[in-house]
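One structure is given here, and the rest of the page talks about it.
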2 protein chains.
Amino acid sequence: MRPQTAKAVREWRTSCAAEITTMVLGGAWKPSILHALAEHDVLRFGELSRQLSDLTDRVLTRQLRELEADGLVRRVVYPQVPPKVEYSLTELGENAQEVLNAMAAWGRSYAAEHDPDR
Amino acid sequence: MRPQTAKAVREWRTSCAAEITTMVLGGAWKPSILHALAEHDVLRFGELSRQLSDLTDRVLTRQLRELEADGLVRRVVYPQVPPKVEYSLTELGENAQEVLNAMAAWGRSYAAEHDPDR
DNA sequence: CAGAATCCATCGTGATACTG
DNA sequence: CAGTATCACGATGGATTCTG
């Protein structure tokens, strides 16, 4: 049986490493989140939420937790009131930018072929 | 929701374009299928099914139809008995190899970081 | 040989309301 | 501020059975 989560894939003898990438980066909003973090270096939760105004806090939280679990995002909690949590890219997350750019480039050429009026 | 400024549009397109790629290439078995087709140029349905022995014919059929609808795979039916159907990559599908290789490379480095003993 | 039909389990995503 | 709790829903993925 084929594993479903990125974590499970790590323990699965896979012959296709590209599938690992789609599992880690394939979340609906993960490219956008990683892109925002790459531009601003460090963002608080509220700042991220404002930048990505199309997704609810609930969804943003989950995507961030997954990215953190996969080692792409660093989460720093300051124990104070009101709470303050800062998110930034790890080295692995920064390395992912290269792939994301390659994927974005192909996605654009694909869209141009299928949707020339954009 | 679409962004308002030109800069925001550029960023939106960048991150959004990566999501297009995950939509087209992100199917559970699509990287494997495209890889098999890239290696053998032309494959019949049964040959593909034997190479990708982990998925049922039903699933393989659907993935192939999606790839065909997305313009990555060419499907040629020979009207004869017994039936013969050949699959091969279109030019778009061949172009995708570059991205798939980039994704596979990152996926491997990701796996190495999380699972150094392999 | 190359599928189609049917049905089902799971997962990702999202809306809403609430909180230390 | 930075989340959590709950519920719901549609899209994939898969198992099984059947066919020109």
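Everything quoted here is computed from the prediction, not taken from an experiment. Convention: sequence-line order gives letters A, B, ...; per-chain numbering from 1.
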Considering heavy-atom distances to DNA chain D, does A:Tyr87 or B:Glu66 have its closest nucleotide positioned more toward the 5' end? A:Tyr87
Check whether any side-chain heavy atom of A:Leu52 sits under 4.5 Å from a side-chain heavy atom of A:Ile33, and report yes or no. yes
To the nearest Å, give me how far apart CD (B:Glu19) and P (C:dG12) are. 16 Å
Look at B:Gln80 and C:dC1 and indicate whether a side-chain polar atom (N or O) is within less than 4.0 Å of OP1 or OP2. no
Rounded to whole Å, the CZ-P distance (B:Arg65 to D:dA11) equals 20 Å
Please report the distance, rounded to the nearest Å, between CG in A:Leu60 and P in C:dG12. 17 Å
Does the side chain of B:Glu47 pick up a donor-acceptor pair with the side chain of B:His40 at under 3.5 Å? no
Are B:Arg75 and C:dA2 close enough that a side-chain N or O sits under 4.0 Å from OP1 or OP2? no
Does A:Gln97 use its side chain to pair, donor to acceptor, with the backbone of A:Leu34 at less than 3.5 Å? yes
Rounded to the nearest Å, what distance is computed from the CD atom of residue A:Glu47 to the C1' atom of nucleotide D:dG3? 16 Å
Interatomic distance, B:Leu67 CG vs D:dG13 P [rounded to whole Å]: 11 Å
Ignoring hydrogens, what is the shortest heavy-atom contact between B:Glu19 and A:Ser32? Give both atom names and the distance. OE2-OG, 3.2 Å
Reading 5' to 3' through nucleotides 14-20 of chain C, protein heavy-atom contacts under 4.0 Å coded B for base, S for sugar-phosphate only, - for none: BB----B
Does a side chain donor of either B:Ser88 or B:Arg74 reach within less than 3.5 Å of an acceptor in the other side chain? yes
Can you see if the side chain of A:Gln63 gets near the phosphate of C:dT13 - specifically, an N or O under 4.0 Å from OP1 or OP2? yes
Taken to the nearest whole Å, NZ/A:Lys84 to P/D:dC1 is 13 Å
Side-chain donor-acceptor pair present, B:Tyr110, A:Asp70, cut-off under 3.5 Å: yes
